[in-house]
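A short worksheet on the structure shown next.
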Amino acid sequence: MEYEVIIGLEVHAELSTKTKIYCGCSTEFGGDPNTHCCPVCTGMPGALPVLNEKVVEYAVRAGLATNCEIARESKQDRKNYFYPDTPRAYQISQFDLPLCEHGHVEINVGESNKTIGITRIHIEDDAGKLVHDGYTGGSLVDLNRAGVPLIEIVSEPDMRSAEEAVAYVEKLKGILEYIGVSDCKMQEGSLRADVNLSIRPVGQEKFGTRTETKNLNSFRSIARCIEFEIARQKSVLESGGVILQETRRWDDEAGEGYAMRAKEEANDYRYFPEPDLMPIKLSDEYIQNIKDTLPELPESRRNRYINEIGLPEYDAGIITSSKHLSDFFEAAAAVCRNAKAVSNWIMTDIIRVAKEKGVEYNELPFTAENLAKLIMLIDKGTISSAIAKKVFEEMVETGANPEKIVEEKGLVQISDEGAIKEVVDKIVAANPQSVADYKAGKDRALGFLVGQCMKEMKGKGNPQILNKFILEHLNK
Ligand code: ADP
Ligand code: MG
Ligand code: ZN
């Protein structure tokens, strides 16, 4: 039987406010255990929460950037459950009146675009962290993360494949980075996704029973978990079984998921309005002010790169998927005024270097200005593109100014016609067979001769002039 896959995601993003959601403690990642804590975020009885205004502002920014309606009145609710990393034994979240609802984002998969609905975005506090201690055989609790603000972005069940799910999370990550509300460092857990997935026979309208796999924190594990869960559900159905609605975990090392708990057992959170916090009331003016400060979003940048600069759709999509990369592109293009060349360097060498070094695009070893200078050296004819590649590798290692590298290593291109002609005459005289080949119609012989001349000139010969002189010989 043919099945259709239905996926809906719940994405949690830690907000990059300086302080926690209900107290003044630092949100900084890491730190010695239990050093960013106070009576409020450690859940001491009687300690009262005070809502951090920035959290509301950031969540509204996220809502506006994803085309949501912003609630003029919302509230916070207690979600009761016991877990050792949550000393209050409840999380403060939002139940029936979230801050943002009814949004959507556009994703680009291959050649086509698709709209993914966003059901809601609400604010809540993060839990602490359990540190499983091999030495004592027990677990330790670190509450530095307890009370760090989160937004939870719940999607409609609109995705149909792992590829679409990854494209959706990439899009959200890009948007949140652009609007500056989260650093979205997946490896530090500041962006993580729960995957809800079901399958149904093609043609059937009713959704199948879904499972929810919690806390995936890389694109790779999202994709692998989805493929695994599709195969598992298919094999259950095909062997005559039924899918149980359950919460699952993904073990990235083993490459497989496993059931954690049945949904029915765990789902009664006894939500009730948080009595220690006032409802959140927002004026039209407040929302408009936030709207006015939103920066240009990736979708708009992408269109601008395609229509105004003439970048291929694919390249524009890749460059704008990361704010850091797109900012780098704009900064370099503004200096050298050759956006296409900047784009080419990004698509080939810069993405590769970032991958090799395992760094974000704002942590590259060289500046956008230095890339621009490198491009200007080529455009002015000071160095050849072959030499530029060597200079670039040096920049990757040392971050040095390309003008300095070229000067210190004596890499300036030779454009002196007399000097070039001398080399060409010598190489042509030494390779009569290549000349004969070219005349017999073998165009490759030209490339060979150019290569020989370049070698003789240690890569520094001006290729246009070289070509001109060689062709003069060949066409005699
Ligand atoms: P819960 O709190 O039980 O996790 P939510 O309403 O917060 O429920 O989230 C449900 C998520 O599951 C949403 O992203 C939704 O799109 C998705 N979803 C709901 N039904 C299905 C289904 N049958 N198959 C796949 N995803 C589903
Ligand atoms: Mg859920
Ligand atoms: Zn605190």
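Both counts, for ligands and for their atoms, begin at 1 and track the order of listing.
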Which residues share a ring pair (Phe, Tyr, Trp, His ring centres under 6.0 Å) with F329, sequence neighbours left out: Y305
Between R301 and T320, a side-chain donor and acceptor under 3.5 Å: no
Ring pair (Phe, Tyr, Trp, His ring centres under 6.0 Å) against Y58, all qualifying residues, sequence neighbours excluded: none
Test: E246 and K214 ion pair at under 4.0 Å: no
Ring-face cation contact, F272 with R78, 6.0 Å cut, 45° max: no
Salt-bridge criterion met for E393 and K389 (N-O under 4.0 Å): no
Between E10 and H12: side-chain donor-acceptor atoms closer than 3.5 Å: no
By ring pair (Phe, Tyr, Trp, His ring centres under 6.0 Å) - contacts of F95 (at least two apart): Y271
Atoms of ligand 1 close to E156 [distance to a heavy atom under 4.0 angstrom, numbered from 1]: 16 (O)
Ion pair K234/E4, N-O distance below 4.0 Å: no
Polar atom proximity, E10 to ligand 1 (N or O, under 3.5 Å): yes
G208: numbered ligand 1 atoms lying under 4.0 Å from its heavy atoms: 23 (N)
Polar atom proximity, F207 to ligand 1 (N or O, under 3.5 Å): no
Neighbouring protein N, O or S atoms of the Zn ion (ligand 3) [cut-off: under 2.8 Å, no waters]: C23 SG, C25 SG, C38 SG, C41 SG
Under 4.0 Å to a heavy atom of S198 - the qualifying atoms of ligand 1, by number: 22 (C), 23 (N), 24 (N), 25 (C)
Within-cut-off N or O pair, I7 and ligand 1, under 3.5 Å: no
Region of L9 that comes within reach of ligand 1 [heavy atoms, distance under 4.0 Å]: backbone
I6 contact mode with ligand 1 (heavy-atom cut-off under 4.0 Å): both
D125 bridged to R88 by N-O distance under 4.0 Å: yes
Candidate with minimal heavy-atom separation from atom 10 (C) of ligand 1, of R210, E212, K79, Q245: R210
